[in-house]
Amino acid sequence: MESDPGFLAAVEEAKAGFEEGGVPIGACLVSKDGTILGRGHNMRVQKGSATLHAEISALENTGRLPATAYRGATMYTTLSPCDMCTGACVMYKVARVVIGENKTFIGGERYLKERGIDVIVLENVDCQGLMKQFIEQKPQVWNEDIGE
């Protein structure tokens with residue numbers, strides 16, 4: 001699972017966000033046939049946005065697709081999704097959410113499961129390390145959103 005192209009793309013996105021000075025969370029939406037539909041990273045700092053979390057960025061970069069394109073898809077994300085991103089996964093009826101790590105933050109995993117979405121947590125050490133480094137360097141940025 002950690003070698004899936006979707007997860008690797010999410011990690012690349014998280015690293016890109018970190019290099020840009022933003023919150024290092026990445027996401028990638030992959031269709032049920034394995035095609036990457038869209039990928040993105042948290043852009044709250046870079047764009048001055050209240051809502052441009054990684055999963056929302058990936059959906060935005062996916063573009064406008066028919067609802068059937070999302071059904072059966074997998075959302076790869078480097079950190080457990082917040083309530084907003086959880087809601088987006090539910091709304092678009094993704095089948096599975098693969099989470100890089102949930103030690104830093106636990107979001108709506110239980111709600112995803114209650115809605116019939118398969119949730120897999122990898123506890124990836126690279127994702128954990130990137131978040132730890134970011135929080136140590138920029139605790140004020142982390143705490144202004146979901147960190148507190």
Quiz item: Could you walk me through whether Glu12 and Arg39 pass the side chain to side chain contact (heavy atoms under 4.5 Å, CB included) check?
Solution: CA-CA 10 Å; Glu12 286 174 9; Arg39 53 188 279 178; 2.8 Å; yes

Minimum heavy-atom distance between [X] and [Y], given as atom pair plus value:
X: His53; Y: Cys85; result: CB-SG, 3.4 Å
X: Gly100; Y: Cys127; result: CA-SG, 4.0 Å
X: Lys138; Y: Gly21; result: NZ-O, 3.0 Å
X: Glu101; Y: Lys103; result: OE1-N, 2.7 Å
X: Gly40; Y: Ser57; result: CA-OG, 3.4 Å
X: Ala14; Y: Gly26; result: CB-N, 3.5 Å

Practice problem: Under the side chain to side chain contact (heavy atoms under 4.5 Å, CB included) rule, what do Ile25 and Thr77 come out as? Steps first, then yes or no, please. | Solution: CA-CA 7 Å; Ile25 304 170; Thr77 180; 4.2 Å; yes

Quiz item: Mind checking whether Trp142 and Phe105 have parallel, tilted or perpendicular rings, split at 30° and 60°?
Solution: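 Taking Phe105 first and then Trp142, their aromatic rings stand perpendicular (interplane angle over 60°).
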
Self-check item: Mutual orientation of the aromatic rings belonging to Phe18 and Phe134 [parallel < 30°, tilted 30-60°, perpendicular > 60°]
Solution: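 Geometry flag for Phe134 against Phe18: perpendicular rings.
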
Rounded to the nearest 0.5 Å, what's the gap from [atom1] on [X] to [atom2] on [Y]? Could you check?
X: Met43; Y: Asn61; atom1: CE; atom2: CG; value: 8.5 Å
X: Ile56; Y: Cys82; atom1: CD1; atom2: SG; value: 7.0 Å
X: Leu29; Y: Glu55; atom1: CG; atom2: CD; value: 10.5 Å
X: Leu37; Y: Lys32; atom1: CG; atom2: NZ; value: 11.0 Å
X: Gln133; Y: Gln128; atom1: CD; atom2: CD; value: 14.0 Å

Quiz item: If you draw a 6.0 Å radius around CD in Glu60, do more than 12 non-hydrogen atoms from other residues or ligands fall strictly inside?
Solution: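 No, because the 6.0 Å sphere around CD of Glu60 holds 12 heavy atoms or fewer from other groups.
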
Quiz item: Hey, is NZ on Lys15 packed in by over 12 heavy atoms from elsewhere, all under 6.0 Å?
Solution: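 It does not: Lys15 NZ has 12 such atoms or fewer within range.
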
Do [X] and [Y] share a hydrophobic cluster (ILVMFWY, side-chain heavy atoms under 4.5 Å, transitive)?
X: Ile99; Y: Tyr92; value: yes
X: Tyr111; Y: Val97; value: yes
X: Ile106; Y: Ile120; value: no
X: Leu122; Y: Ile117; value: no
X: Tyr76; Y: Leu65; value: no

Quiz item: Got a salt bridge between Lys113 and Glu109, using NZ or NE/NH1/NH2 to carboxylate O under 4.0 Å?
Solution: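 Between Glu109 and Lys113 there is no salt bridge, as every charged N stays at least 4.0 Å from the carboxylate O atoms.
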
With the side chain counted from C-beta on, respond yes when [X] and [Y] share a heavy-atom pair under 4.5 Å apart, and no when they do not.
X: Glu2; Y: Phe7; answer: yes
X: Ile135; Y: Thr104; answer: yes
X: Leu79; Y: Met131; answer: yes
X: Glu144; Y: Arg44; answer: yes
X: Pro24; Y: Asn42; answer: no
X: Thr62; Y: Tyr70; answer: yes
X: Ser80; Y: Val121; answer: no
X: Ile36; Y: Ser31; answer: no

Practice problem: Only one of Leu59, Leu112, Val119 passes side-chain contact (heavy atoms from CB on, under 4.5 Å) with Cys89; say which it is. | Solution: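 Exactly one candidate clears the test, Leu112.
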
Practice problem: Run the numbers on Val30 and Thr35 for side chain to side chain contact (heavy atoms under 4.5 Å, CB included), then give the verdict. | Solution: CA-CA 5 Å; Val30 177; Thr35 303; 5.9 Å; no

Quiz item: So Val11 and Thr78, side chain to side chain contact (heavy atoms under 4.5 Å, CB included) or not? Walk me through it.
Solution: CA-CA 6 Å; Val11 172; Thr78 59; 4.1 Å; yes

Quiz item: Between the main-chain N or O of Gly6 and the side-chain N or O of Asp4, is there a donor-acceptor pair closer than 3.5 Å?
Solution: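 A pair under 3.5 Å: no.
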
Practice problem: Indicate whether any N or O donor in one side chain lies under 3.5 Å from an N or O acceptor in the other, for Gln46 and Glu20. | Solution: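 On atom types as modelled, these side chains qualify, holding a pair under 3.5 Å.
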
